[in-house]
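We're numbering straight along the sequence, starting at 1.
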Amino acid sequence: DHRDLHSFPTRRSSDLVTDPLTGLFNRLRMMEVLENEVRRSRRLRHRFAVLMADLDLFKKYNDAYGHPAGDAVLQRVGAIMREKSRDVDFVARYGGEEFLLMMPETDIEGAIQVAERIRKRIESEKLPLGLITLSIGVAAFPVHGDSAEVLIAAADAALYEAKHAGGNRVIGAARPRARTRVPARKVP
């Protein structure tokens with residue numbers, strides 16, 4: 001039984017790095033880009049910011065209007081995040097209803113301003129089946145961390161805080177506390 005290998009569908013390289021629903025980069029590609037940006041920013045002593053965004057009460061929206069309506073919201077939010085970011089910024093669907101935006105050469109204040117513009121734009125979006133809002137946590141390199149994982153954790157913690165404060169808001173990550181040195185005990 002001879003099979004023509006060319007008759008099997010092949011995956012395009014873009015399929016491996018993009019989310020099929022939103023067309024944004026996927027989490028795998030986002031982590032590669034974020035780790036590259038950490039290395040670049042360390043070497044050049046530059047800064048950058050990370051925004052972690054999550055749709056508020058998305059499960060209720062999906063339950064009320066169905067998954068096709070929820071998918072349309074995810075597509076629209078992805079498009080708005082692309083529209084409100086620069087060409088050099090990196091927008092990815094992190095997973096579920098979470099999105100990540102990485103902004104090179106951006107400090108925490110600038111990132112919070114962008115996050116607020118995105119939040120307001122989503123809030124004002126006229127969806128056919130109801131309103132949707134977004135909570136966003138913001139962290140910056142190197143202030144809030146010097147690795148991709150630590151930065152994401154800092155942005156995620158700020159996002160969690162925004163959600164628990166009622167949602168539909170932007171919160172910047174808290175500055176890490178300075179480590180205090182515990183004096184060595186003197187041995188008698």
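- Taking Glu37 as the reference, Arg40, Ser41 meet the side-chain hydrogen bond (donor to acceptor under 3.5 Å, both in side chains) condition, with sequence neighbours excluded.
- Residues passing the side-chain contact (heavy atoms from CB on, under 4.5 Å) test with Glu149 are Met31, Glu35, Ser147, sequence neighbours excluded.
- Partners of Leu21 under the side-chain contact (heavy atoms from CB on, under 4.5 Å) rule, at least two apart in sequence or in another chain, are Asp19, Asp71, Leu74, Gln75, Arg93.
- Within 6.0 Å of atom CG in Leu131, 12 or fewer heavy atoms from other residues, nucleotides or ligands are found, so the atom counts as exposed in its surroundings.
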I'd like a table of donor-acceptor pairs (distance under 3.5 Å, sequence neighbours excluded) in which one partner is a side-chain atom from residues 85-92, with atom names and distances.
unit_1: Ser85; atom_1: OG; unit_2: Met81; atom_2: O; d: 2.9
unit_1: Ser85; atom_1: OG; unit_2: Arg82; atom_2: O; d: 3.1
unit_1: Arg86; atom_1: NE; unit_2: Asp89; atom_2: OD1; d: 3.0
unit_1: Arg86; atom_1: NE; unit_2: Asp89; atom_2: OD2; d: 3.2
unit_1: Arg86; atom_1: NH2; unit_2: Asp89; atom_2: OD1; d: 2.6
unit_1: Arg86; atom_1: NH2; unit_2: Pro104; atom_2: O; d: 2.7
unit_1: Arg86; atom_1: NH2; unit_2: Thr106; atom_2: OG1; d: 3.0
unit_1: Asp89; atom_1: OD2; unit_2: Arg86; atom_2: N; d: 2.9

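- The ring-ring contact (aromatic ring centres under 6.0 Å, His included) contacts involving residues 146-169 comprise Tyr160-His164, where partners must be two or more places apart or lie in separate chains.
- In this structure Arg117 satisfies the side-chain hydrogen bond (donor to acceptor under 3.5 Å, both in side chains) test with no other residue, sequence neighbours excluded.
- Among residues two or more places apart in sequence or in another chain, the side-chain contact (heavy atoms from CB on, under 4.5 Å) test is passed with Leu34 by Met30, Phe48, Val50, Met102, Ala148, Ile152.
- Sorted by first then second residue, the side chain to side chain donor-acceptor pair (under 3.5 Å) pairs that include residues 107-116, not counting sequence neighbours, are Glu116-Arg119.
- Applying the ring-ring contact (aromatic ring centres under 6.0 Å, His included) rule to His67 yields no partners; only residues at least two apart in sequence or on another chain are considered.
- Applying the salt bridge (Lys or Arg N to Asp or Glu O under 4.0 Å) test to pairs two or more places apart or on separate chains, those with a residue in residues 157-174 are Asp54-Lys163, Asp56-Lys163.
- Partners of Lys59 under the side-chain hydrogen bond (donor to acceptor under 3.5 Å, both in side chains) rule, at least two apart in sequence or in another chain, are Asp63.
- Evaluation of the side-chain contact (heavy atoms from CB on, under 4.5 Å) rule for Asp156 yields Met52, Glu98, Leu159 as partners, not counting sequence neighbours.
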